[in-house]
Asker: 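Pasting in a structure now, in structure tokens, and then I'll have a few things to ask.
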Amino acid sequence: MTGIVKRLPRNTAGRDLFVGDIHGCFTRLAALLAEAGFDETKDRLISVGDLVDRGPESHLAPEWLAKPWFHAVMGNHEQMIVAYASDRSGTEDVLRNGGAWYAGMVASELLVYVDAVRDLPLAIEIEDEGDPVVVIHADVPNKSWPEARALLEARDRDSIERALWSRERIKANDDFQIEGAKFVVLGHTVMPMPTIVGNMLYLDTGACFGHALALFDPTHHTGPAIHAEADKEDPQ
């Protein structure tokens, strides 16, 4: 990770659309963008991470990350690729979590994907009137975004782990108002539909498990959805 928090200026020319966990469902994402009238010349697509694993097209992640209008935070599945490539350990976890597509790659093949994802930020902060819009994969490791940002930028290990993996807040059903953020967009925890609690939007609707892929346009507070490939593994 070269930049823990990526800052984007306010998009005054077009829209910012936010997509839930993609998990290798890129053809379906392309169809969803077309349905939403996405304009590559002025719109931006912001991803909550977990671009890969479980779905059929994880190999397309580097191609999408190279698009100038596509911005993504790191998810726990990107972290797993980087960790696996470092010492080839944890194969059982990789396979259980949908990583069979890369577990058998030789080092040179795997490096293409590691290079594409290892420098993804842990959070994206989008300039807005007043407080920024924040995108993070699993959870904000504090009730205050400025304090959470400081912890992440200091590379606090517990905060990074929570940003990538935690479901503590949603399990406790508490503290959904994050101070210092206009709203927060998250993935990781599968919901039956895009769910807003306080100023937090949970956008993972389980596309790789045969459910909808959610695309959120904050201008209209809802977006079209398409069905994704089914997968019977438990979500992580």
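Nothing fancy with the numbering, it's 1 onward along the sequence. Values in this document were obtained by computation on a predicted structure and should not be read as measured data.
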Asker: Looking at residues at least two apart in the chain, or sitting in another chain, which of them share a side chain to side chain contact (heavy atoms under 4.5 Å, CB included) with V48?
Answerer: D21, V135, V185
Asker: Would you please name every residue forming a ring pair (Phe, Tyr, Trp, His ring centres under 6.0 Å) with F18, sequence neighbours left out?
Answerer: none
Asker: Can you give the donor-acceptor pairs under 3.5 Å from side chains of residues 98-114 to other protein atoms, not counting sequence neighbours?
Answerer:
unit_1 : atom_1 : unit_2 : atom_2 : d
W101   : NE1    : D53    : OD1    : 2.7
E109   : OE1    : V106   : N      : 3.2

Asker: Taking side chain to side chain contact (heavy atoms under 4.5 Å, CB included) as the test, write out the residues that go with L151, two or more places apart.
Answerer: N142, D156, S159
Asker: Go through the structure and list residues passing salt bridge (charged side-chain N to carboxylate O under 4.0 Å, His left out) with D39, not counting sequence neighbours.
Answerer: none
Asker: Taking only residues at least two apart or on different chains, which pairs with a member in residues 4-14 satisfy salt bridge (Lys or Arg N to Asp or Glu O under 4.0 Å)?
Answerer: R7-E125, R7-E153, R10-E129
Asker: List in chain and number order the residues that pass side chain to side chain donor-acceptor pair (under 3.5 Å) with K42, two or more places apart in sequence or in another chain; answer none if no residue qualifies.
Answerer: none
Asker: Kindly list each side-chain donor-acceptor pair under 3.5 angstrom involving residues 171-180, sequence neighbours excluded, with atom names and distances?
Answerer:
none

Asker: Output all residues satisfying side chain to side chain donor-acceptor pair (under 3.5 Å) with S166, sequence neighbours left out; order by chain, then residue number.
Answerer: none
Asker: Can you name the residues that form a salt bridge (charged side-chain N to carboxylate O under 4.0 Å, His left out) with E57, not counting sequence neighbours?
Answerer: none
Asker: With sequence neighbours excluded, give me every salt bridge (Lys or Arg N to Asp or Glu O under 4.0 Å) pair touching residues 131-141.
Answerer: D139-R162, D139-R169
Asker: Looking at residues at least two apart in the chain, or sitting in another chain, which of them share a salt bridge (charged side-chain N to carboxylate O under 4.0 Å, His left out) with D16?
Answerer: R44
